Protein chains: 2
Amino acid sequence: MVAPPPTSATILGGVQLQRPTTAQRVAELLRERIVQGELSSGTQCAELQLSTALGVSRNTLREAFQILVGEHLLVHEPHRGVFVRRLDVDDVRDIYTFRRLVECAALAHPASARGLAEMRAAVAQGMDAAAREAWHEVGTADVRFHVGVTAVAGSERLDQAMRGLFAELRLAFALVPDAHELHRPFLDLNAEILELAERGQADRASLLLRRYLDDAEARIVAAVQGPSS
Amino acid sequence: MVAPPPTSATILGGVQLQRPTTAQRVAELLRERIVQGELSSGTQCAELQLSTALGVSRNTLREAFQILVGEHLLVHEPHRGVFVRRLDVDDVRDIYTFRRLVECAALAHPASARGLAEMRAAVAQGMDAAAREAWHEVGTADVRFHVGVTAVAGSERLDQAMRGLFAELRLAFALVPDAHELHRPFLDLNAEILELAERGQADRASLLLRRYLDDAEARIVAAVQGPSS
DNA sequence: ACCGTAGGACTTGTTCAACAATCCCACAAG
DNA sequence: CTTGTGGGATTGTTGAACAAGTCCTACGGT
């Protein structure tokens, strides 16, 4: 087995510098608006209105829609339009079933040190943000922590799937009143999980994580079915 | 836990009857061509050529492209075109890292009987197909078996992610000479895994499955780096 | 009051033609 | 052998147009 000749990609560390296409930029902008809750669940995205507002053609906008539909952030109802996805209780349960399986398994069989480093960085960021009472950033750090947990498994595709899941979850976060209250109690728990994981106590870390997930799921389920129950 | 009220979706079994849009049908057609290997890895999909061949406009075709790019079956290089994705060794390893984590964890903590039923049906189909020497169908049954394993976890999103992963994997299957030889030895193993799972011997089933995955990964990695080594 | 229904306004689905931006290749110059 | 430099082909993006479908409303029958 001979060493492969160094390509420009390996030299440059695999970074790809390609200006995003208009559709990608539009998708990115809409994605941001959606996960930030500025476009709330169920909102219709009218083509003519949005395309003129963004200064792009309908065709380009429709390409952007396809991207976001593929990410489950928008739903497409033929001849009716595209809408910001609305999560129901089953969706939240489904997402947490996914997270429980993947995150707990990742912690139980650690394979990548990069994931641990991410977890460490996320805990630090969360502590710091809490000290400054920057609650929104605390939430960001919490998400980062769990993406880090997933990264412990060492699969790029798994990481990406998890990032997609979190984007979906934010649709539900928006329904939780006092979103900072959602993440605040988990700061210490994350730190504890990290410490166990670093000491090689994989099983205890995994168990603690499961408790976290059960708790978070219950909170969000309650928020989603909210006043209706 | 009370039973949820039956919605129209549950009554109708969740089937949604909406004629697919043209872009969706084009995407489906191309997806089929790709996973069947009729469009081999690296092939460029020229817009003008394809759109005239399919009798659709370039704009519609580009919407279809966005769908398939989102499924990682096509890659888009701005101003150069879209190409059928080419999997390298790292991709295969990444996919199998994903599968190991998810499938083994699913078997270890069974949560859905529907998954077991799928596994059973897949084993039966595989045996039957092998008896008829229908090797292609044996491969289909093998894939079905492992989607069934994933379904044991009980998350719709996880199932979908796994189906997407298998679509990608077929890009690599096409590189394996004698694809039926790839699946043939696993018929009995699948049956054995199923039996262990049904008897509640989750750990042993999970262990056996891990051996399967390691073996399959090695074969495909060898095929992908193939003649170059 | 309660359907059905027939319009009509509006939105989405799809195509087409055009132009701008970019890539690719062949060829010439150093 | 490397480095410009066209020019041709492909992709990126737009605007207009029409077909197809949905939603709303008013009308008529019962």
Side-chain angles (χ1 to χ4, degrees), chain A residues 5-9 11-12 15-31 34 39 41-86, chain B residues 8-9 12 15-31 34 39-70 72-86:
Chain A
T7 66
S8 61
I11 291 175
L12 293 174
V15 258
Q16 50 204 359
L17 53 141
Q18 51 188 30
R19 283 178 289 300
T21 182
T22 305
Q24 291 174 329
R25 270 182 295 133
V26 170
E28 189 173 332
L29 187 148
L30 291 178
R31 188 186 302 118
I34 292 171
L39 279 171
S41 280
T43 307
Q44 176 164 14
C45 302
E47 294 187 355
L48 194 59
Q49 174 193 330
L50 252 184
S51 63
T52 59
L54 296 174
V56 301
S57 78
R58 276 182 61 213
N59 286 320
T60 299
L61 178 63
R62 286 171 63 89
E63 283 188 32
F65 281 167
Q66 293 287 5
I67 295 176
L68 296 173
V69 167
E71 297 174 7
H72 303 135
L73 295 180
L74 296 178
V75 294
H76 182 152
E77 303 184 16
H79 285 288
R80 295 198 358 97
V82 305
F83 304 81
V84 178
R85 175 152 201 168
R86 172 168 292 172
Chain B
S8 62
L12 294 173
V15 261
Q16 49 202 0
L17 51 142
Q18 52 188 30
R19 281 179 289 300
T21 181
T22 305
Q24 291 173 332
R25 270 183 293 133
V26 169
E28 189 173 333
L29 187 147
L30 291 178
R31 188 187 302 118
I34 292 170
L39 279 171
S40 57
S41 280
T43 306
Q44 177 165 13
C45 301
E47 294 187 356
L48 194 60
Q49 173 193 329
L50 253 184
S51 62
T52 59
L54 295 174
V56 302
S57 78
R58 276 181 61 211
N59 286 323
T60 299
L61 179 63
R62 285 170 64 89
E63 283 188 30
F65 281 166
Q66 294 286 6
I67 296 176
L68 295 173
V69 166
H72 304 134
L73 294 180
L74 295 177
V75 294
H76 182 147
E77 303 183 17
H79 285 288
R80 296 201 354 97
V82 305
F83 304 81
V84 178
R85 175 151 201 170
R86 173 169 291 170

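Quantities reported herein were computed from a predicted structural model and do not represent experimental measurements.
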Discussion item. Quick check for you: among C/dT14, D/dT13, D/dG15, whose closest atom lies nearest to any side-chain atom of A/T21?
Written reply: D/dT13
Worksheet item: When rounded to the nearest 0.5 angstrom, what is the spacing between CG in A/N59 and OG1 in B/T60?
Response: 8.0 Å
Practice prompt. Verify the neighbour count for atom CD of A/E28: are there more than 12 heavy atoms of other residues, nucleotides or ligands below 6.0 Å?
Written response: no
Worksheet entry | A/H76 NE2 to D/dT22 C1', straight-line distance once rounded to whole Å | 13 Å
Discussion item. Ignoring hydrogens and geometry beyond distance, is the side chain of A/R19 in donor-acceptor contact with the base of D/dG12 at under 3.5 Å?
Written reply: no
Worksheet item: Between A/R85 and A/V75, is there a donor-acceptor pair closer than 3.5 Å when you use the side chain of the first and the backbone of the second?
Response: no
Worksheet item: Counting only side-chain N and O atoms of A/T60, is one of them less than 4.0 Å from OP1 or OP2 of D/dG12?
Response: no
Practice prompt. Figure out the CD/P separation between A/E77 and D/dT22, and round it to whole Å.
Written response: 11 Å
Discussion item. Whole angstroms only, please: what is the CZ-C1' distance between B/R58 and D/dT11?
Written reply: 6 Å
Worksheet item: Less than 4.5 Å apart, any side-chain heavy atom of A/L30 and any of A/L50?
Response: yes
Discussion item. Whether the side chain of A/R80 and the base of C/dG13 hold a donor-acceptor pair under 3.5 Å is what I'd like checked.
Written reply: no
Response to the item:
Between B/A46 and A/P78, whichever has its closest DNA chain D nucleotide further toward 5' is B/A46
Worksheet entry | For atom CG of B/L48 and atom C1' of C/dA18, their distance in whole Å | 14 Å
Discussion item. How long is the straight-line distance from NE2 of B/H79 back to CZ of A/R19, given to the nearest 0.5 Å?
Written reply: 7.0 Å
Worksheet item: Rounded to the Å, how far apart are B/L61 CG and C/dG13 P?
Response: 17 Å
Practice prompt. Take the protein atom CZ of B/R62 and the nucleotide atom P of C/dT15, then report the distance between them rounded to whole Å.
Written response: 14 Å
Worksheet item: A/N59 or A/G81: which one's nearest nucleotide on DNA chain C is closer to the 5' end?
Response: A/G81
Item to complete: Whole angstrom is fine here: how far is it from CG in A/L50 over to C1' in C/dT11?
Response: 14 Å
Worksheet entry | Distance, rounded to the nearest Å, where A/I67 contributes CD1 and D/dG12 contributes C1' | 13 Å
Discussion item. Can you see if the side chain of A/H79 gets near the phosphate of D/dC23 - specifically, an N or O under 4.0 Å from OP1 or OP2?
Written reply: no
Worksheet item: Counting only side-chain N and O atoms of A/Q44, is one of them less than 4.0 Å from OP1 or OP2 of C/dT12?
Response: yes
